[in-house]
Every structure is written in C-alpha cells, then in structure tokens.
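Residue numbers count from 1 along this sequence.
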Amino acid sequence: MTGEPARVRQMWHLLEPLHAVLYYAPAAFEEAAALGYDTEERWASYFAWRAAPLGAVGAAEVVRTFHSFAPAMVDGYVPDGWATAAPDSVLAARLRAVDRSYRALFGDRVEGPEFAEAAALARRAAEAAGRDAPGGLGVAKVPGVLGGPGAAEVPGVLGGPGAAEVPGVLGGPGAAKAPGGLGGLGAANSALPWPDAPHLTLWQAATVLREHRGDGHIAALIGAGLDPVEALVSFAAVGAAAPAVFASRGWSADEWGAARRRLQERGLLAADGTATDAGRELRAKVELRTDEEAAAPWRALGEAGRERLVELLGEPWLAVIGSGLLPSENTLGIGKV
C-alpha cells in the first residue's frame with residue numbers, strides 16, 4: 001500500500017498505542033477503583049472510560065457505537081456502570097489516569113517542547129476530524145440495517161429488537177450527533193473541552209482521531225454488508241488475530257459459528273474458516289475505505305505538519321510499546337493490516 005492511504009494508516013498505528021494506555025495502565029485501574037468500579041477484570045472500567053463522552057446512554061447506544069461487542073456482554077456493564085459513577089466523574093478521572101500514566105511512561109518529557117509541539121499538531125488534526133465526523137456511521141446503506149432484511153438477527157444492533165428502547169439511540173435524546181446523521185464516538189469526543197496540559201491535549205487528540213477513524217470503519221463494515229460478528233469472523237479469517245483474541249467481544253460459539261456459515265454462503269470464507277480470495281478482497285476494500293474516511297484530518301494538517309508529527313511521536317510510541325502494557329495481539333490488527 002502506498003500514497004495517502006499508507007500515510008493515513010501510519011498515523012493510526014502511531015497514535016493508537018498512545019490512546020490505548022488508558023485501558024491497561026495501573027494508574028487507570030487505580031482511578032477506576034477509586035470511582036467504585038470492579039477492577040478484577042478490565043471491562044467495567046473499559047466501558048465507562050470509552051462510553052462516558054456519550055453521556056449516560058443505555059446498552060443499545062453502546063452496542064451501536066462500539067459495534068463489535070455482543071449485546072449480551074454490553075448489558076453486563078451498561079447502563080449499570082453509571083450508577084457507580086456519572087459520566088462527568090468518569091471523564092475527570094480518565095484525564096487523571098492519563099496524566100499519571102503518561103508521567104510514569106514519559107517522565108519530564110511531558111513538560112518539554114516536543115510534547116507541546118506534538119500536542120498542537122495533533123489537536124489541529126483532531127479539530128479537523130470534529131468537522132468531518134462521518135455522518136450516521138454509514139447506516140441505511142445496506143440491507144439488514146434499520147429494519148431491512150436480516151436486521152433482527154442481532155438484538156439491539158442497528159435497528160434490531162431493542163435498539164429503539166433506550167434514549168440516545170438512533171438520534172434520540174442523549175445521542176451525540178455527527179454532522180449529517182447519527183452520532184458516533186468521534187463526534188462525542190470532539191465535543192469535549194480541551195485540557196490545558198499539552199500531554200493531555202495529545203492524548204485527547206489521539207482519542208478523537210482514533211474514534212473518528214473507528215466511526216468511518218463502522219461505516220465501511222456496514223457498507224460491505226458485514227454485521228458486527230461477521231466483521232470479527234472475517235477479520236480473523238484474514239489473519240488479523242487469532243479467533244481466540246476476538247472472544248473478548250463476548251459472542252457465543254453459536255453466534256460465531258452462525259456468522260461463519262453466513263460468510264461461507266457468500267463465498268467469503270473457505271471450509272476451514274480462512275478467507276477466500278473474495279473474502280480477502282472484501283476486507284482489503286473495507287480497510288481502504290476506512291483509510292479514506294480517516295484522511296480528511298491529515299489533509300487539513302498538511303504533509304509538512306503530518307511528517308513533523310511522525311517525528312515527534314517516535315519516542316513516545318517506542319516508550320509505550322516497550323513498556324509491555326499493551327497486548328502483543330489485539331482485535332485491531334495493527335501491524336497486520
């Protein structure tokens with residue numbers, strides 16, 4: 001891959017670890033525990049940290065905007081998590097968690113000119129992302145969405161049973177709005193105030209940009225006719241990660257098997273579960289469209305600004321990767337797609 005898509009994907013690879021620290025750093029679990037969340041496993045705090053910009057939404061809105069998680073899994077954490085801590089309290093705590101985590105990882109560098117410059121450049125790109133939030137996550141583009149054929153196969157997802165029962169879903173009260181359609185996590189994070197400290201600005205910019213990309217990725221998946229579990233099965237089939245890694249999204253063996261059969265019927269999967277040529281072609285198109293959806297912020301920043309940001313992010317990226325905090329294999333397929 002060359003040209004603009006390659007440059008856009010490079011920025012995702014550089015920024016994603018800087019964002020993901022929130023879900024794995026010891027300080028983040030300590031802050032979550034102080035709020036009252038169970039930190040014996042990571043999901044209670046994960047759903048709180050990531051969903052808080054949406055407000056006190058219900059499970060169906062989280063299913064829609066996160067996309068890859070099984071509704072039954074989300075139901076175990078949302079909306080009950082808001083009884084533990086309100087979204088505003090969670091948002092304040094996540095900045096404290098990032099502050100402590102970044103200081104532990106980067107030391108005095110967070111006060112240095114390089115961090116300030118990186119933060120300013122990343123913020124410029126993120127502000128452009130806020131103006132370019134994908135409209136509606138691409139819903140209503142394919143059969144099976146918003147009541148079309150097949151929509152009822154996954155309860156609570158994109159218009160399936162239960163989706164309209166929770167305020168904040170499908171444009172209802174409490175939904176964060178993206179220009180031109182339904183709200184997404186990119187739009188919700190873009191609406192938050194910017195922190196004063198450069199290292200926190202850098203983290204927030206990375207978060208806006210990765211969620212903006214994620215909203216575009218959901219649009220690409222839906223445009224390819226892939227429901228949430230089919231998206232995971234097809235991604236595993238091209239070697240993005242082992243199927244066991246995707247078990248973290250909560251789909252049952254029966255649901256995974258049914259999705260696998262649907263993809264086989266479409267000629268996208270072979271009998272052994274690996275992708276056919278058609279399946280690989282479809283996933284490549286999904287990733288290319290994702291890059292296209294994510295390109296506008298980097299065009300706005302300009303090539304000189306983007307290249308300078310690449311230089312500035314090198315040391316922080318190495319520090320995060322070298323810390324061992326992040327799993328070596330994940331559901332995003334970074335380094336493999």
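- Counting heavy atoms of neighbouring residues, nucleotides and ligands inside a 6.0 Å radius, atom CH2 of Trp317 does not exceed 12 of them.
- Follow the hydrophobic side-chain contacts under 4.5 Å out from Ile321 and you reach Leu312 in the same cluster.
- Hydrophobic clustering places Tyr23 together with Leu14 (ILVMFWY residues linked when any side-chain heavy atoms are closer than 4.5 Å, directly or through intermediates).
- A distance of 10.0 Å separates CD of Glu287 from CG of Leu282, quoted to the nearest 0.5 Å.
- Taking NE2 of His67 as the start and CG of Leu226 as the end, the distance is 8.0 Å to the nearest 0.5 Å.
- Residue Thr65 comes nearest to Leu54 through the heavy atom pair OG1-CD1, 3.5 Å, listed as atom of the first residue, atom of the second, then distance.
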Distance-only donor-acceptor hits, side chain of residues 102-109, under 3.5 Å, sequence neighbours excluded:
{"residue": "Tyr102", "atom": "OH", "partner": "Leu18", "partner atom": "O", "Å": "2.8"}
{"residue": "Arg103", "atom": "NE", "partner": "Asp99", "partner atom": "OD1", "Å": "2.8"}
{"residue": "Arg103", "atom": "NH1", "partner": "Glu111", "partner atom": "OE2", "Å": "2.9"}
{"residue": "Arg103", "atom": "NH2", "partner": "Glu111", "partner atom": "OE2", "Å": "3.1"}
{"residue": "Arg109", "atom": "NE", "partner": "Phe106", "partner atom": "O", "Å": "3.2"}
{"residue": "Arg109", "atom": "NH1", "partner": "Glu315", "partner atom": "OE1", "Å": "3.2"}

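- Rounded to the nearest 0.5 angstrom, Trp256 CH2 and Arg249 CZ are separated by 11.0 Å.
- In this structure, Glu41 places its CD atom where more than 12 heavy-atom neighbours from other residues, nucleotides or ligands lie under 6.0 Å away.
- Contact between Tyr24 and Leu326 at its shortest, heavy atoms only, is CD1-CD2, 3.5 Å.
- At a cut-off of 3.5 Å, with distance as the only test, no side-chain donor of Thr290 or Arg213 sits close to an acceptor on the other residue.
- Salt-bridge formation is not detected for the pair Arg7/Asp291: no Lys NZ or Arg NE/NH1/NH2 atom is positioned less than 4.0 Å from an Asp or Glu carboxylate oxygen.
- For the residue pair Arg283 and Ser234, a side-chain donor N or O sits within less than 3.5 Å of a side-chain acceptor on the partner.
- Two residues are said to be in side-chain contact when any heavy atoms from C-beta on lie closer than 4.5 Å; Arg94 and Pro53 meet this criterion.
- Checked by atom type and distance alone, the side chain of Gln204 pairs as donor or acceptor with a backbone atom of Pro193 at under 3.5 Å.
- Contact annotation: the side chain of Glu293 never approaches that of Leu288 to less than 4.5 Å [non-hydrogen atoms, C-beta and beyond].
- In this structure the side chain of Arg210 never reaches within 4.5 angstrom of the side chain of Leu15, judged on heavy atoms.
- A donor-acceptor contact under 3.5 angstrom links the side chains of Asp272 and Thr274, judged on distance only.
- A donor-acceptor contact shorter than 3.5 Å links the side chain of Trp251 to the backbone of Ser68.
- Using a 4.5 Å cut-off between side-chain heavy atoms of Ile, Leu, Val, Met, Phe, Trp and Tyr, with links allowed through other members, Trp194 and Leu121 fall into different hydrophobic clusters.
- For the side chain to side chain contact (heavy atoms under 4.5 Å, CB included) test, residues two or more places apart in sequence or in another chain that qualify with Thr276 are Ala270, Ala278.
- Taking both residues in full, the closest heavy atoms of Leu209 and Ala122 are given as CD1-O, 4.0 Å, listed atom of the first, atom of the second, then distance.
- Between atom CZ of residue Arg262 and atom CG of residue Leu268 there is a gap of 12.0 Å, rounded to the nearest 0.5 Å.
- Of all the heavy atoms in Gly186 and Asp215, the pair that sits closest is N-OD2, 2.8 Å.
- Trp298 approaches Ala125 most closely through the heavy-atom pair CZ3-CB, 3.7 Å.
- Salt bridge status for Arg261 with Glu265: absent, with no side-chain N to carboxylate O gap under 4.0 Å.
- Residues Pro26 and Leu325 meet the side-chain proximity criterion, which asks for heavy atoms closer than 4.5 Å.
- Salt-bridge annotation for Glu31 and Arg100: present, with a side-chain N of the basic residue lying under 4.0 Å from a carboxylate O of the acidic one.
- Side-chain atoms of His217 and Val286, non-hydrogen and from C-beta on, do get closer than 4.5 Å to each other.
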Show the numbers, then the answer: is there a side-chain contact (heavy atoms from CB on, under 4.5 Å) between Val98 and Val21? CA-CA 8 Å; Val98 172; Val21 163; over 6 Å; no

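- The main-chain N or O of Asp227 is found under 3.5 Å from a side-chain atom of Glu230 such that the two form a donor-acceptor pair.
- With hydrophobic clusters built from ILVMFWY side chains whose heavy atoms lie under 4.5 angstrom apart, Phe115 shares a cluster with Val320.
- Two rings, from Tyr37 and Trp49, have their centers 6.0 Å or more apart.
- Comment: Arg306 engages Glu303 in a salt bridge, judged by a side-chain N to carboxylate O separation of less than 4.0 angstrom.
- For the pair Tyr46/Leu22, no side-chain contact is recorded, criterion being any heavy-atom separation below 4.5 Å from C-beta on.
- Sequence neighbours left out, the pairs with a member in residues 72-94 that pass ring pair (Phe, Tyr, Trp, His ring centres under 6.0 Å) are Phe47-Tyr77.
- Using a 4.5 Å cut-off on side-chain heavy atoms (C-beta onward), Pro198 and Val110 make no contact.
- Glu4 has a carboxylate O that lies under 4.0 Å from a charged side-chain N of Arg299, or vice versa, which qualifies the two as a salt bridge.
- Remark: side-chain polar atoms of Arg64 are not paired, donor with acceptor, to backbone N or O of Ala59 under 3.5 angstrom.
- Judged by a 6.0 Å distance limit and a 45° cone about the ring axis, Arg42 is not positioned over the six-membered ring of Phe29.
- Note that the CG atom of Leu313 and the CG atom of Leu309 stand 4.0 Å from one another [nearest 0.5 Å].
- Val310 and Leu301 end up in the same hydrophobic cluster when Ile, Leu, Val, Met, Phe, Trp and Tyr side chains are linked at under 4.5 Å.
- A salt bridge links Arg123 with Glu127: at least one charged nitrogen is closer than 4.0 Å to a carboxylate oxygen.
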Could you give me the CA-CA distance, side-chain angles and deciding distance for Arg308 and Glu311, then say whether salt bridge (charged side-chain N to carboxylate O under 4.0 Å, His left out) is met? CA-CA 5 Å; Arg308 177 58 179 157; Glu311 294 175 8; 2.9 Å; yes

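- In this structure, the separation between CG on Leu221 and CZ on Phe235 is 9.0 Å, given to the nearest 0.5 Å.
- For the residue pair Val233 and Leu263, the shortest heavy atom distance occurs at CG1-CD1, 3.7 Å.
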